[in-house]
Amino acid sequence: KFFTLVIVSLLSAVAVQAQKVVINKTDGSKVTFRADEIQSVQFAPASVADQFVGKYSGVDEINVGFFFTYKSEGLDTYEVKDNGDGTINLIVPAVTYKNTMMGDLYLGTYTIPNIPYDAAKKAFVKAYKDDNIKFHFKVIDGSGNVTKDQEYTFDKDVCKVTITKEADGKLKVSNNYQMGAMPMTIYGTFVGAKQ
């Protein structure tokens with residue numbers, strides 16, 4: 001019925017240029033176009049990535065070696081982009097963790113590219129150590145002194161990301177990594193609502 005409605009609307013629009021095409025979306029919103037603005041209509045098949053694409057706002061949490069847990073300062077925004085080839089890119093924002101055992105931690109933004117979909121896990125999953133992703137890491141102690149300020153590379157075997165959708169539509173990112181010679185794995189978890 002929807003396809004028929006679109007075709008009828010477009011054919012009518014050719015005859016009467018003053019008409020408008022109204023698309024009613026499933027979220028209750030509407031998109032309106034003037035008929036003379038439309039050159040053609042194409043229906044492309046939906047991909048799994050379509051369900052994930054967008055910006056998500058939420059709290060980032062890390063667990064250091066299953067001993068220490070810290071939550072980010074304020075809300076963070078993760079972004080998922082579709083590459084059009086069955087993979088996605090995950091853009092991780094700069095995140096600050098206050099009052100950790102080392103002081104205030106600052107992790108710079110970075111992108112994990114070309115994450116493929118795993119149908120069995122219903123998730124986008126990638127071990128990304130071979131991508132040699134670089135990120136900035138800074139530590140400020142309780143006195144306000146910068147005790148560490150350098151660039152690191154995610155190049156350890158533990159570097160792995162898993163991206164899923166929760167039942168309520170929220171994005172869940174599980175991201176494990178290690179920094180430099182630090183012996184403990186960091187288990188990161190982000191859950192965010194679409195903006």
Side-chain angles (χ1 to χ4, degrees), residues 1-61 71-96 107-128 130-131 133-136 154 160-175 188-195:
K1 288 183 179 179
F2 175 77
F3 294 99
T4 304
L5 176 62
V6 170
I7 292 168
V8 169
S9 296
L10 291 176
L11 290 175
S12 299
V14 171
V16 184
Q17 291 295 313
Q19 287 190 350
K20 294 180 180 178
V21 176
V22 179
I23 299 173
N24 297 308
K25 297 174 70 177
T26 56
D27 64 2
S29 63
K30 294 181 180 181
V31 180
T32 304
F33 301 96
R34 284 196 342 258
D36 61 355
E37 294 178 314
I38 301 172
Q39 179 179 0
S40 65
V41 176
Q42 296 176 327
F43 295 96
S47 72
V48 176
D50 291 342
Q51 304 166 36
F52 289 78
V53 170
K55 293 183 177 181
Y56 297 82
S57 181
V59 175
D60 209 335
E61 182 176 297
K71 291 188 177 181
S72 61
E73 180 79 0
L75 294 177
D76 303 300
T77 300
Y78 277 60
E79 184 174 3
V80 175
K81 290 190 173 181
D82 184 5
N83 293 320
D85 61 359
T87 70
I88 60 171
N89 289 352
L90 178 69
I91 301 171
V92 180
V95 180
T96 300
L107 278 72
T109 183
Y110 57 92
T111 298
I112 303 174
N114 308 315
I115 306 166
Y117 186 71
D118 185 325
K121 296 179 179 177
K122 296 183 179 179
F124 284 91
V125 181
K126 185 178 187 181
Y128 56 89
D130 293 332
D131 289 325
I133 299 166
K134 299 189 183 311
F135 70 102
H136 197 82
F154 290 124
K160 182 178 180 181
V161 66
T162 302
I163 305 167
T164 57
K165 269 298 191 79
E166 302 284 85
D168 60 3
K170 289 183 177 178
L171 185 79
K172 181 176 181 182
V173 177
S174 298
N175 186 20
T189 303
F190 169 82
V191 177
K194 194 167 188 178
Q195 293 183 346

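For the single chain, residues carry numbers from 1 onward in sequence order.
Across all their heavy atoms, Ile133 and Tyr128 have their closest contact at CD1-CD1, 3.7 Å. Across every non-hydrogen atom of Lys55 and Glu79, the tightest pair is CE-OE1, 3.4 Å. Summarising the geometry of Thr87 relative to Asp82, their closest heavy-atom pair is O-OD1, 3.6 Å, with the distance given to 0.1 Å. Thr164 and Phe52 make their closest contact through C-CE2, 3.7 Å (heavy atoms, listed as atom of the first residue, atom of the second, distance).
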Tyr56 and Phe190: CA distance, side-chain angles, deciding distance, ring-ring contact (aromatic ring centres under 6.0 Å, His included) verdict: CA-CA 10 Å; Tyr56 297 82; Phe190 169 82; 7.7 Å; no
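Taking 4.5 Å as the limit, every side-chain heavy atom of Asn175 sits out of range of all side-chain heavy atoms of Leu90.
Below 30°, between 30° and 60°, or above 60°: for Phe154 and Phe135 the angle between ring planes is below 30°, a parallel geometry.
Counting non-hydrogen atoms of other residues, nucleotides and ligands closer than 6.0 Å to NZ of Lys172 gives a total of 12 or fewer.
A side-chain contact (heavy atoms from CB on, under 4.5 Å) with Lys126 is found for one member of Thr162, Asp131, Ile88 and no other, namely Asp131.
In this structure a side-chain-to-backbone donor-acceptor pair under 3.5 Å is present from Lys194 to Val53. For Asp76 (side chain) and Val59 (main-chain N/O), no donor-acceptor pair under 3.5 Å exists by modelled atom type. In this structure a side-chain-to-backbone donor-acceptor pair under 3.5 Å is present from Thr109 to Val92. Asn83 places no side-chain N or O within donor-acceptor distance of the main-chain N or O of Asp85, the cut-off being under 3.5 Å.
Here the NE2-CG distance, from His136 to Leu107, works out to 10.0 Å after rounding to the nearest 0.5 Å. One distance of note links CD of Glu61 with OG1 of Thr189; it measures 6.0 Å at 0.5 Å rounding.
Looking at residues two or more places apart in sequence or on another chain, you find a side-chain contact (heavy atoms from CB on, under 4.5 Å) between Asp118 and Ala120, Lys121, Val125.
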